[in-house]
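Bear in mind the structure is a predicted one, so any value in this text is a computation, not a measurement. We're numbering straight along the sequence, starting at 1.
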Amino acid sequence: MEKEKFGCPIGCKYCMVTHINCRREKWEKIHRYGINKTVLFVNKLEGEMPLSKMNLDTSFFEGEYVGFEGITDAFNPIFEEDLKYMISLSKNMNMKKLVLVTKWPVSKERLKLLTESKKILLVVSITGLDMLENVTTKQKLDVLDNAYKQGIDVLPIIHPYIHSVSDVSFLKDIKKIGIKNIAYKGLRYNDEFMGSWARKYMSDEIYKIYKNSTEDEILLGEEYLKGKIKENGLNVVNFREYVQKDGDEYSISYDRAKEIVDKIFKEIVVSSSDTNDAVYKSAIMRRIK
């Protein structure tokens, strides 16, 4: 599989799919499904046939929190048909939730698609790193505002937060929209791909920490960030807990959950810092709770 097929037109200069070797190498072997302790996610690459024609095993989604796209962006217009298909599945089967994480400048009209299902969580990644992305903070704030006004369950996430580089002045604007909660995550770093901009924007001290991180996720300045969030009247939420806060009415039996998860783990990429065993157990337990 060609490396450039991964990622998306947002072109983040810190992309964990194209610029983190330990992740990219996994996706090069198998890319359709990924899993972690939060969701099972389905991927679709440019040029592939529509998901609706792939004969996907939709039993994988029973009692599950499902993400559409972990290695590209679901709102890229080339995936419009696939997005509609996943929304339809969320409505018509006992999927617990469809989780859509995006940086795309989604229009009001396209956001209306999400109102067709009550089981959708829209997660907008807003970072204050305009110099490293092809979408601006203002465009992401517009998406958050329009989604909130349409009654969509929408959660902003600062992912990644890069201490002393991320401009989090947008926090006051999120508060003005009416959104109350926000999540955050750190940065996975690879100096081969990120060194040129890191040396430009980071202090020497911070740069050295990331350079020696061996692609582990690093979160520096967490207390500072939490202070800024509180100062702007927002609540910090744990991303996994927020995703899994509801959906219990679509739970399935333990035996059925184990049967499905055993099948999934034969054709899956574990995209997590946790052990495979921990992810496996979580995949069962979140289906039955």
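Taking a 6.0 Å sphere around NZ of K91, one finds it holds more than 12 heavy atoms contributed by other residues, nucleotides or ligands. Environment of CD in E249: crowded, with over 12 heavy atoms of neighbouring residues, nucleotides or ligands closer than 6.0 Å. Applying the 6.0 Å contact sphere to CE of M285 captures no more than 12 heavy atoms from other residues, nucleotides or ligands. For K289, the NZ atom is densely surrounded, since the number of other residues' heavy atoms within 6.0 Å is greater than 12. With a 6.0 Å radius and a threshold of 12 heavy atoms from other residues, nucleotides or ligands, K180 has its NZ atom at or below the threshold.
Side-chain atoms of L111 and L122, non-hydrogen and from C-beta on, do get closer than 4.5 Å to each other. A heavy-atom distance below 4.5 Å is found between the side chains of F60 and E267. The shortest side-chain heavy-atom distance between L100 and V123 does not fall under the 4.5 Å cut-off. For the pair V39/N36, a side-chain contact is recorded, criterion being any heavy-atom separation below 4.5 Å from C-beta on. Within the 4.5 Å cutoff, side-chain heavy atoms of I179 are placed close to those of L144. Residues L155 and V237 are in side-chain contact: their nearest non-hydrogen atoms beyond the backbone lie under 4.5 Å apart. A heavy-atom distance below 4.5 Å is not found between the side chains of K211 and K208. Between V279 and I35, the closest side-chain pair of non-hydrogen atoms falls below 4.5 Å.
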(message) If you apply the rule salt bridge (Lys or Arg N to Asp or Glu O under 4.0 Å), what do you find for K96 with D246, and how did you get there?
(response) CA-CA 8 Å; K96 285 188 172 180; D246 44 29; over 6 Å; no

(request) Determine, step by step, whether L56 and R32 satisfy the side-chain contact (heavy atoms from CB on, under 4.5 Å) criterion, reporting the C-alpha distance in whole Å, the side-chain angles of both residues, the deciding distance to 0.1 Å, and the verdict. (result) CA-CA 10 Å; L56 294 180; R32 181 65 62 228; 4.2 Å; yes

(request) For the pair L113 and E116, evaluate side-chain contact (heavy atoms from CB on, under 4.5 Å) and give the outcome as yes or no after the intermediate values. (result) CA-CA 6 Å; L113 288 173; E116 296 176 5; 3.9 Å; yes

(message) Using the rule given for side-chain contact (heavy atoms from CB on, under 4.5 Å), can you reason through E69 versus N76, listing the C-alpha separation, both sets of side-chain angles and the distance that settles it, and then say yes or no?
(response) CA-CA 10 Å; E69 293 293 3; N76 185 333; over 6 Å; no

(message) Checking Y14 against W197 for the side-chain contact (heavy atoms from CB on, under 4.5 Å) test, could you report, in this order, the C-alpha distance in whole Å, the side-chain angles of both residues, the deciding distance, and whether it holds?
(response) CA-CA 9 Å; Y14 52 78; W197 61 260; 3.9 Å; yes

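Side chains of E217 and Y189: no donor on one and acceptor on the other come within 3.5 Å. Y65 and R286 share no donor-acceptor pair across their side chains, judged by distance under 3.5 Å alone. For S166 and T127, the side-chain atoms include no donor-acceptor pair closer than 3.5 Å. The closest side-chain donor-acceptor pair between D57 and S59 falls under 3.5 angstrom. Side chains of D255 and S253: no donor on one and acceptor on the other come within 3.5 Å. S88 and N92 share a donor-acceptor pair across their side chains, judged by distance under 3.5 Å alone. Y210 and D191 share no side-chain donor-acceptor pair at under 3.5 Å. Between the side chains of K119 and S90, no donor-acceptor pair of N or O atoms lies under 3.5 Å. If you check the side chains of N94 and E62, you find no donor sitting under 3.5 Å from an acceptor. D153 and Y242 are linked by a side-chain donor-acceptor pair at a separation below 3.5 angstrom, with hydrogens and angles left out of the test. No hydrogens or angles considered: a donor-acceptor pair under 3.5 Å links the side chains of Y184 and E222.
Panel note: side chain Q150, backbone K108; a donor-acceptor pair is recorded below 3.5 Å. In terms of modelled atom types and a separation under 3.5 Å, the side chain of R188 and the main chain of E215 share a donor-acceptor contact. Without hydrogens or angle criteria, Q244 side chain to T38 main chain gives a donor-acceptor distance under 3.5 Å. For E48 (side chain) and L45 (main-chain N/O), a donor-acceptor pair under 3.5 Å exists by modelled atom type. Between the side chain of N43 and the backbone N or O of T72 there is no donor-acceptor pair closer than 3.5 Å. One N or O on the side chain of D82 and one on the backbone of L51 form a donor-acceptor pair closer than 3.5 Å.
Summarising the geometry, atom OG1 belonging to T136 is positioned 12.5 Å from atom CG belonging to L129; distances are rounded to the nearest 0.5 Å. In this structure, CG on D142 lies 10.0 Å from CG on D173, to the nearest 0.5 angstrom. The CG atom of L171 lies 14.5 Å from the NZ atom of K230; values are rounded to the nearest 0.5 Å. Between the NZ atom of K140 and the CD1 atom of I174 there is a distance of 10.5 Å, given to the nearest 0.5 Å. Here SG of C15 is found 8.0 Å from CE of M194. Values are rounded to the nearest 0.5 Å. Interatomic distance, NZ of K13 versus CE of M131, reported as 10.0 Å (0.5 Å rounding).
Checked against the 6.0 Å centroid criterion, the rings of Y33 and F41 do not qualify as a close aromatic pair. Separation of the Y280 and F265 ring centroids falls under the 6.0 Å cut-off.
Considering all non-hydrogen atoms of both residues, F79 and D73 come closest at CD1-O, 3.4 Å. In terms of heavy-atom proximity, V124 sits nearest to V143 at CG2-CG1, 3.9 Å. Heavy-atom minimum distance, L141 versus I177: O-CD1, 3.7 Å. What you find for D130 and V135 is that their closest heavy atoms are OD1-O, 4.4 Å. Here the closest heavy-atom approach between residue Y161 and residue G221 is recorded as CE2-O, 3.9 Å. Heavy-atom minimum distance, Y85 versus T58: OH-CG2, 4.1 Å.
Using a cutoff of 4.0 Å between basic side-chain nitrogens and carboxylate oxygens, E81 and K84 are not scored as salt-bridged. A salt bridge is defined here as a Lys NZ or Arg NE, NH1 or NH2 lying under 4.0 Å from an Asp or Glu carboxylate O, and R287 with E64 meets this definition. Taking a cutoff of 4.0 Å between a charged side-chain nitrogen and a carboxylate oxygen, K112 and E109 do not qualify as a salt bridge.
By the 30° and 60° cut-offs, the orientation of the rings of H163 relative to Y224 is perpendicular.
For the pair K97 and Y250, the cation-pi criterion (under 6.0 Å, within 45° of the ring axis) is not fulfilled.
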